[in-house]
2 protein chains.
Amino acid sequence: MPATSSDLVQLAWANLVRTGSTAFQRVEEDLKRLGHPPLSWYDVLWELERAPEGALQQSEVQARILIAQYNFTRLLDRLEKADLIRRVPCKIDGRSNVLHITDTGRALRRGMWPDYDAAIFEHVGRHLQEGEAETLAGLLGKLLPDRGKLPLKTRQSSRGAGT
Amino acid sequence: MPATSSDLVQLAWANLVRTGSTAFQRVEEDLKRLGHPPLSWYDVLWELERAPEGALQQSEVQARILIAQYNFTRLLDRLEKADLIRRVPCKIDGRSNVLHITDTGRALRRGMWPDYDAAIFEHVGRHLQEGEAETLAGLLGKLLPDRGKLPLKTRQSSRGAGT
DNA sequence: GTGTTATAGATGCAATTGCATGTAATTGTC
DNA sequence: GACAATTACATGCAATTGCATCTATAACAC
């Protein structure tokens, strides 16, 4: 059972990695040029902002944005220092924190979105018809089998996308 | 001209970034577990190995693997220290180097490929039919308009994929 | 209850990356 | 040819990441 891939699969692999990282960089570069922070900041803020009270368990957010645990801790350090979120010790579970988005945080995210949206259009939407976008999203979705609903002891890092 | 994206495009964007980085990490993680170096090493070695004499201009390789110039210099430092490549000052153009792959380098790349291939199958090929792989590769290809054939003053970084 | 194991989060340190800038050689201009 | 602009590559330093490990609390087994 060699488990070898066809040329087409290899091409899909190569295009996936190249396109994914290139599109990400181009979008982030556009935002940076406009004075915005990295997309990882946006992702965290967005998860919090759309949560019921603008608050979530730290581990909840971490699981959603796919980042290494030790990097997440430090990302939160920066966000907290910039007064975008607050970490509050959880009263139910003494090990965990509850993250709250601040007004400053909400304002920052709101301010980023129009430029983020425009960048997505420029580097992705512009090149695809609606049907193509749907097909692409569907095929990409097949590649993420969620790895068993993640017991997420995540010791690896990643990049998440926000909407 | 708001340049806003539809929900489908936003979903495609989110899936693209998530899937791309996740697949990349999973593949690289598999290789690491098997004792192999990062994929960026593979990419450089592969570019050299498939070149006529196992040699190319440094800038040629850099342009193909999409990496920031200053990171590329350092990547080569590591490859050279590991005796996988050699940097030879170019006689035609005094500013540039010619990169040569060593026998050790060839052997390393050859040794990586079966495991790399298997990882691509595990994390990509396995989830797609041939036709789907073709469609996916095609759609992804539409997103990389090559940005004007790159005069490549590349001061940004990226991840390249090798085959 | 006590001891073991698992979970949430943090951190010291080395390696890598980003950013700004430097050096040397080449090309274009007049 | 002299000189400004460009190109190829390198590097100092700060910020970020990866890795191993630590602390503290909670969950489980008996």
Side-chain angles (χ1 to χ4, degrees), chain A residues 21 24-26 28-29 31-33 35 37-41 43-44 56-82 85-99 149-160, chain B residues 21 24-26 28-29 31-33 35 37-41 44 56-82 85-99 150-160:
Chain A
S21 64
F24 182 86
Q25 287 172 202
R26 289 179 180 176
E28 195 164 58
E29 186 195 330
L31 291 184
K32 182 182 305 188
R33 197 168 26 237
L39 281 176
S40 55
W41 289 35
D43 292 340
V44 173
L56 279 175
Q57 290 287 124
Q58 179 166 324
S59 56
E60 253 307 302
V61 180
Q62 198 228 301
R64 296 187 197 183
I65 70 174
L66 298 181
I67 191 178
Q69 181 271 321
Y70 45 83
N71 285 330
F72 187 56
T73 291
R74 288 151 169 163
L75 172 56
L76 294 182
D77 289 344
R78 286 169 235 145
L79 291 175
E80 198 167 28
K81 188 153 45 186
I85 64 155
R86 269 174 306 155
R87 267 190 274 218
V88 179
C90 177
K91 300 194 168 166
I92 315 294
D93 185 336
R95 295 167 299 182
S96 65
N97 294 329
V98 178
L99 303 184
K149 235 26 179 179
L150 315 184
L152 272 222
K153 194 179 175 60
T154 314
R155 288 290 181 183
Q156 331 153 41
S157 93
S158 171
R159 297 218 202 87
Chain B
S21 64
F24 182 86
Q25 286 173 204
R26 289 179 179 176
E28 195 163 57
E29 186 195 330
L31 292 183
K32 180 182 302 186
R33 199 168 25 237
L39 281 176
S40 55
W41 289 35
V44 173
L56 279 175
Q57 292 286 125
Q58 178 165 324
S59 56
E60 253 307 301
V61 179
Q62 198 229 301
R64 296 187 196 184
I65 69 173
L66 299 182
I67 191 179
Q69 181 271 320
Y70 45 82
N71 284 331
F72 187 56
T73 292
R74 288 151 169 163
L75 172 56
L76 294 182
D77 289 344
R78 286 170 236 145
L79 291 174
E80 198 166 28
K81 188 153 46 184
I85 63 155
R86 269 174 305 155
R87 267 190 274 218
V88 179
C90 177
K91 301 194 165 163
I92 315 292
D93 185 337
R95 295 167 299 183
S96 65
N97 294 329
V98 178
L99 304 183
L150 315 184
L152 271 222
K153 193 179 177 58
T154 315
R155 289 287 182 185
Q156 331 154 41
S157 92
S158 172
R159 296 219 203 85

Need one value for [X]: base, sugar-phosphate or nothing, where a base atom within 4.0 Å counts as base even if backbone is also close, heavy atoms only.
X	answer
B:N97	sugar-phosphate
A:I92	sugar-phosphate
B:S59	sugar-phosphate
B:L76	nothing

Below the 4.0 Å mark, does [N] have OP1 or OP2 next to a side-chain nitrogen or oxygen of [X]?
X	N	value
A:R78	D:dT16	yes
A:S96	C:dA8	no
A:Q58	C:dA10	yes
A:K32	C:dC19	yes

### Message
If the threshold is 4.0 Å, N to carboxylate O, is there a salt bridge linking B:R33 and B:E29?
### Response
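A salt bridge links B:R33 with B:E29.
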Per atom distances to the B:R74 side chain, the nearest of D:dT16, D:dA10, C:dG18 is C:dG18
Per nearest nucleotide of DNA chain C, the residue lying toward the 5' end, B:W41 or B:D93, is B:W41
Please enumerate all residues that pass side-chain hydrogen bond (donor to acceptor under 3.5 Å, both in side chains) together with A:S59, with sequence neighbours excluded.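 Scan of A:S59 (side-chain hydrogen bond (donor to acceptor under 3.5 Å, both in side chains), adjacent residues dropped) gives none.
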Can you check whether any acceptor in the base of C:dA10 is under 3.5 Å from a donor in the side chain of A:Q69, or vice versa?
yes
| query | Do B:R95 and D:dT7 have a side chain to base donor-acceptor pair shorter than 3.5 Å? | reply |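 When only heavy-atom distances are counted, B:R95 does reach the base of D:dT7 through a donor-acceptor pair under 3.5 Å.
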